[in-house]
Amino acid sequence: MQFTPTCARLPAKNVLQIVWQGASWINNKLLFLHEVTGNHPFPTMLTKSRTVYYAHRKKIITGIIILTGMVFIIRLFHIQVIDFTYKLSSSNNVLRHITDYPARGLIYDRNGELLVYNEAHFDLMVIPNQARGIDTTEFCAMLGIDRETYISRMTQARAFSPFRASTFERQISKTTYASFQEKLFRFPGFYVQPRTLRQYPSPLAAHTFGYIGEVGPEVVSNDPYYRSGDYIGISGLERSYEEVLRGQKGLRIRMVDVLNRDIGSYLNGKFDTLAVPGQDLFTTLDGVLQAYGEQLMANKLGSIVAIEPETGEILALVTSPGYDPNLLVGQKRNAMYRQLQNDPLKPLFNRALMAQYPPGSAFKVVNTLIAMQEGVINNHSSFSCFGAYTSGNVTVRCRHHPSPVNILSSIQYSCNTFSCITFRNTIDKPVFGSIQAGLENWRQHVLSLGFGQVFNTDLPFELSGLVVSPDYYDRVYGHRGWRSLTIISLAIGQGELGTTPLQMANLASVIANRGYYVPPHMVRAITHPDSLIRSFQQKIQSTIDQEHFDVMAEAMRLVVKDGTGRASRIDGIEIGGKTGTVQNPHGENHSVFIAFAPVDNPKIAISVVVENAGYGSVYAAPIASLMIEKYLTGQINREWLQQRILNAKIIPQPL
Amino acid sequence: MKKQIDLFKNVDKLSVLLFLLLIFMGWFNIFAAEIKEGHQSIFDISQNYGKQLLWIITAMMIATVILIFDAKVFPAFAWVIYGVTMIILVAVLLFGTEINASRSWFRIGEFAIQPAEFAKFATALAMAKFLEEKRARKIMLFDTLTALAIIVVPVLLILLQNDTGTAVVFAAFVLVLYREGYISGLLLITGAVAAFLFILTLLVNEFIIIGVIAFIGLILFLRLRNRKREQWQLVGLFVILSVYVYFVDYTFENLLQPHQKARIEVLVSEDVDLQGAGYNLHQSKIAIGSGGLWGKGYLKGTQTKYNFVPEQGTDFIFCTVGEEWGFAGSTVVIGLFVLLLVRLVNLAERQKSGFSRIYGYSVVSVLFIHFAINIGMTMGLVPIIGIPLPFFSYGGSSLWGFTILLFIFLKLDSKRLELL
């Protein structure tokens with residue numbers, strides 16, 4: 001059945017006719033298609049049984065529809081007419097959601113000295129839709145900005161949301177705040193939000209504390225607690241203890257009238273919640289020792305890590321160069337951060353936790369302990385050394401010292417020959433069967449002393465260091481392509497070894513304890529100084545027997561009494577130490593020293609790294625010695641030594 | 001143009017009148033909801049109300065086009081339309097853009113089109129065609145399952161788009177199957193009981209409910225001492241109910257996503273999450289509630305003006321009605337919808353052709369479920385699901401979809417006498 005409009009042949013005069021003709025044309029084509037594919041009668045047959053049999057269901061369906069309508073009307077009546085809770089008064093009230101930011105937890109040192117506290121400041125907020133009729137001249141004068149800034153900030157706020165609050169100006173000064181409060185009614189849509197900023201009584205341990213900043217968009221979308229504009233700890237303890245320090249935000253919903261005046265709480269505070277202040281942190285740091293360490297490391301690159309061996313509590317964590325934590329507070333933070341980031345000496349990099357050096361001669365302590373445990377040497381072992389160790393076409397030079405050497409004197413004088421021989425014997429022990437098994441066995445001993453892994457306590461951004469496994473050498477040389485001589489540099493702490501200063505201090509701790517360590521951590525208690533954190537008090541045993549540690553402790557005592565570290569001895573205190581000189585392909589060698597004191601019943605274990613400073617005995621050892629003296633006696637009796645260190649400037653020139 | 005006039009003669013005037021009323025009332029409310037300072041012209045295309053005017057005009061053109069088509073075309077091409085729409089639904093998964101976390105849109109220049117809205121009438125056509133063909137024989141389980149499959153295919157595709165709200169509306173077709181006898185009244189009641197238990201389980205600990213059911217069951221059990229068969233049926237029923245209650249609790253705790261859970265919890269307890277899901281609901285109730293008996297007056301609603309209610313032009317458009325027109329205005333709008341729906345039921349019943357009747361009921365069901373859920377959610381009776389109010393809410397795709405849905409039926413209805 002064709003359908004032809006009577007005016008089909010006239011040209012289309014308007015849109016309606018175009019539509020008409022188009023539709024008719026399509027319709028004709030469809031019908032044609034339909035017909036040529038077979039004759040399908042329009043389904044018109046009466047289905048009496050179906051229509052009639054279930055006809056009563058029509059009433060039920062109609063009933064459902066009407067019932068729904070009635071339910072809605074009743075509900076509407078309830079909400080609109082009866083229940084006055086929803087009826088806001090006729091003077092056009094609007095609601096304002098005010099977040100109460102709690103005070104962030106304070107941070108104390110182990111002696112109860114306050115290290116980090118809060119200072120109040122105020123942000124100026126605006127709700128763009130409500131900001132009408134503002135005298136911009138007066139406003140800008142009071143705030144100290146120009147008209148263009150005002151316009152651009154308002155546009156930005158409006159683009160974010162016309163009806164939600166945006167920050168208009170951060171951290172307005174107290175005087176501005178005061179004058180604003182007076183004249184607030186003239187600037188509808190603006191209000192003041194109190195915030196807190198961190199302050200530091202003295203500029204120390206910036207890396208340890210870290211800093212706080214505005215929360216980033218990924219965190220906002222993943223964690224419902226944070227809103228855009230909130231602060232969050234970004235590094236250091238501020239970050240790793242964020243949940244403890246931040247407390248809980250409170251909410252107050254206030255009603256505000258057209259003149260922007262607060263006229264009371266909404267629903268009597270039914271939806272308000274109280275802010276919960278953040279909990280305080282009691283760190284393990286000794287503020288005096290930390291400050292002293294930073295003083296000593298001024299104008300040098302490197303780090304100091306000091307631990308209390310019995311508890312694993314970190315007494316001082318110094319990295320140099322550092323920065324004044326007050327720099328990264330407040331408005332100037334972004335600019336300062338960029339500046340610090342671009343500094344080639346990398347002040348933002350925490351060397352104590354993240355610098356991975358080959359440990360150098362200080363590692364001989366480890367190799368000797370392993371050799372003792374494996375039984376390849378004992379108290380009677382003795383080797384000759386005339387200035388070098390030679391095997392095949394490999395020569396390892398040694399310093400000038402009396403020969404022969406045994407365990408004690410090899411450590412005392414840091415003899416390379418002794419180390420090379422005992423290392424090879426350890427790896428080549430026949431019972432292992434293969435070089436791979438021998439090295440793997442050695443590796444397990446090393447790992448048990450806290451190397452090659454992160455301690456995973458409360459230190460953010462630790463690196464694990466590197467203790468290479470036999471697979472690596474298999475890949476480089478082939479399964480049968482290497483032997484103990486190939487990797488001889490491991491004997492003296494060079495080669496494919498990476499340790500962090502933290503791990504070196506932990507080593508000193510293991511020896512101090514004669515065989516175990518407690519994983520180093522920075523916080524001892526939360527909220528109250530006596531509620532110690534239990535999970536940090538676990539002791540971890542190494543794979544080496546205590547008797548060997550006794551021998552090593554004695555050897556290290558000799559280092560300071562009459563060995564490579566003798567320039568650093570202190571009258572009246574017995575120190576056990578080991579010097580190290582780490583080869584540096586890019587410049588001067590690094591100076592390294594690990595120590596613990598007193599040798600009997602130690603109270604402090606320490607590692608010092610001074611980059612590009614040459615022999616361990618020249619800089620690292622004296623610094624460690626001064627730190628020990630300061631910690632154990634509270635004063636320094638060697639002014640000349642202290643002066644020499646304080647005056648030393650060891651910063652490499654750019655190449 | 002005699003034939004042109006003939007075309008429109010038999011179309012149901014009341015339905016068309018209601019259609020136009022709802023569209024333009026909706027438009028006025030969208031204007032009120034979206035008006036901003038500095039944009040005073042109603043024709044401003046960059047604003048939603050300007051765009052809606054565009055959609056309204058084009059929708060009326062589409063309605064006219066549909067009326068031009070021969071009524072035969074719709075049953076003839078029902079499966080084709082359904083098939084093509086399903087393919088488009090697959091295409092949007094592959095080539096579509098993601099807006100608001102669901103990949104349900106095709107972007108064409110400045111505009112976006114949502115194929116799921118067209119799946120509604122396509123499914124209705126397919127359903128009508130399918131059930132019509134089976135009219136002659138007894139109702140068999142296989143047919144019911146196939147009918148369900150026709151519904152399930154678009155539902156799955158839409159769920160894949162991550163648009164759970166739109167998928168839910170396809171449950172409306174249950175009413176159609178009920179009218180045609182494929183689903184018994186008992187099943188419908190079971191559904192209602194299940195929904196009731198669902199809500200109860202959320203409010204009360206599930207073991208208490210099972211306990212209460214057991215208690216009632218025990219009493220009945222003792223009463224039926226002489227009738228073993230009924231006793232066993234009772235036991236069976238108790239087991240099924242208990243499993244169901246437990247299952248509901250498990251699903252709620254473990255299978256629902258957190259934001260979906262929040263939306264249901266928010267209905268039940270007022271204090272939950274004022275900043276998230278609770279915020280929408282709370283603001284919506286404030287907006288409606290503050291309207292009082294006569295409303296605050298057109299363009300004078302503060303909650304509307306200050307945009308306290310999110311999604312005011314779309315999902316929560318009814319808030320504007322409630323705030324600005326009050327109880328009186330809201331009742332009028334609800335009345336208009338109910339009138340339209342009941343009228344369509346009557347139109348469906350007077351069809352001689354099974355296809356037309358089934359399609360008519362589909363139209364009623366789809367419009368009804370949108371109406372019920374959308375308005376219900378603004379009042380806190382139904383969890384917040386993102387679906388529009390037909391003809392009222394802003395949205396080109398939904399307006400076109402509903403217009404097509406309605407006018408195909410009006411066309412079929414206008415030809416009902418001729419098609420015998």
Side-chain angles (χ1 to χ4, degrees), chain A residues 1 3-7 15-16 19-20 22-24 26-27 30-31 33-34 40 42-47 50-51 53-55 57-58 60-62 64-66 68-69 71-73 75-77 79-81 83 85-88 92-95 97 129-130 162-163 224 227 251 253 270-271, chain B residues 1-4 36 61 64-65 68-73 75-77 132 135-136 175 178-181 185 271 274 276 285-286 288-293 302 306-308 322 326-327 330-331 334-335 337-338 341-342 345 349 352-355 357 361 364 368 371-372 375-376 379 381 419-420:
Chain A
M1 183 173 79
F3 179 74
T4 329
T6 48
C7 46
V15 174
L16 287 172
V19 167
W20 186 274
S24 319
I26 296 178
N27 184 51
L30 285 177
L31 284 176
L33 199 63
H34 179 57
H40 317 272
F42 191 93
T44 59
M45 271 173 57
L46 285 177
T47 51
R50 202 70 64 82
T51 321
Y53 191 68
Y54 294 111
R57 293 190 170 184
K58 159 199 166 182
I60 298 197
I61 295 182
T62 312
I64 294 177
I65 295 174
I66 297 185
T68 311
V71 166
F72 285 159
I73 293 181
R75 175 81 168 160
L76 277 177
F77 194 71
I79 300 182
Q80 290 179 311
V81 179
D83 190 343
T85 322
Y86 296 104
K87 206 176 163 73
L88 299 179
N92 283 350
N93 291 335
V94 287
L95 294 180
H97 294 253
N129 260 5
Q130 296 175 24
F163 51 89
R227 295 259 132 72
L251 177 69
I253 309 184
K270 184 172 170 197
F271 295 110
Chain B
M1 299 272 212
K2 181 169 174 293
K3 281 209 172 116
Q4 287 172 344
K36 299 187 183 58
M61 282 164 59
T64 316
V65 166
I68 295 174
F69 280 161
D70 212 281
K72 269 203 283 189
V73 163
F77 288 92
E132 229 301 321
R135 67 189 177 279
L175 276 180
Y178 170 67
R179 169 61 186 83
E180 293 301 312
D271 304 336
L274 217 45
K285 285 202 271 192
I286 291 179
I288 298 179
S290 65
L293 194 54
T302 48
Y306 292 128
N307 285 319
F308 275 106
F327 179 72
S330 314
T331 312
I334 291 181
F337 269 105
V338 169
L341 290 170
V342 171
V345 168
E349 276 303 327
K352 303 278 191 280
S353 145
F355 178 86
R357 180 187 66 247
Y361 268 103
V364 173
F368 172 68
F371 162 75
I375 296 189
M379 293 199 271
L381 294 171
L419 299 173
L420 181 50

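In this text the structure is predicted, and so the values were computed from the model without any measurement. The basis for the numbers below is simple: all heavy atoms, side chains too, and nothing from hydrogens, waters or symmetry mates. Order of the sequence lines fixes the chain letters, A, B, ..., with proteins taken first and strands second; residue numbering starts at 1 for each chain.
Interface residue A:Ile60: only side-chain heavy atoms are found under 4.5 Å from chain B. The contact between A:Ile61 and chain B is made entirely by side chain atoms (from C-beta outward), counting heavy-atom distances below 4.5 Å. The parts of B:Phe327 that come within reach of chain A are both its backbone and its side chain, each placing non-hydrogen atoms under 4.5 angstrom from that chain. Both the backbone and the side chain of B:Ile375 come within less than 4.5 Å of a heavy atom of chain A. At a 4.5 Å heavy-atom cutoff, the contact between B:Val65 and chain A is made by backbone and side-chain atoms alike.
Using a 4.0 Å cut-off between charged side-chain N and carboxylate O, B:Arg357 and B:Glu180 make a salt bridge.
Of the inter-residue distances, the one linking B:Ile288 atom CD1 with A:Ile79 atom CD1 reads 5.5 Å to the nearest 0.5 angstrom.
For the set A:Ile73, A:Thr68, A:Ile65, the count of heavy-atom pairs under 4.5 angstrom toward chain B peaks at A:Ile65.
Under the 4.5 Å side-chain criterion, counting only non-hydrogen atoms from C-beta, B:Ser330 is in contact with A:Gln80. Side-chain contact between B:Val338 and B:Phe371: present, with at least one pair of heavy atoms (C-beta onward) separated by less than 4.5 Å. Residues A:Val71 and B:Leu381 form a side-chain contact, since some pair of their non-hydrogen atoms from C-beta on lies under 4.5 Å apart.
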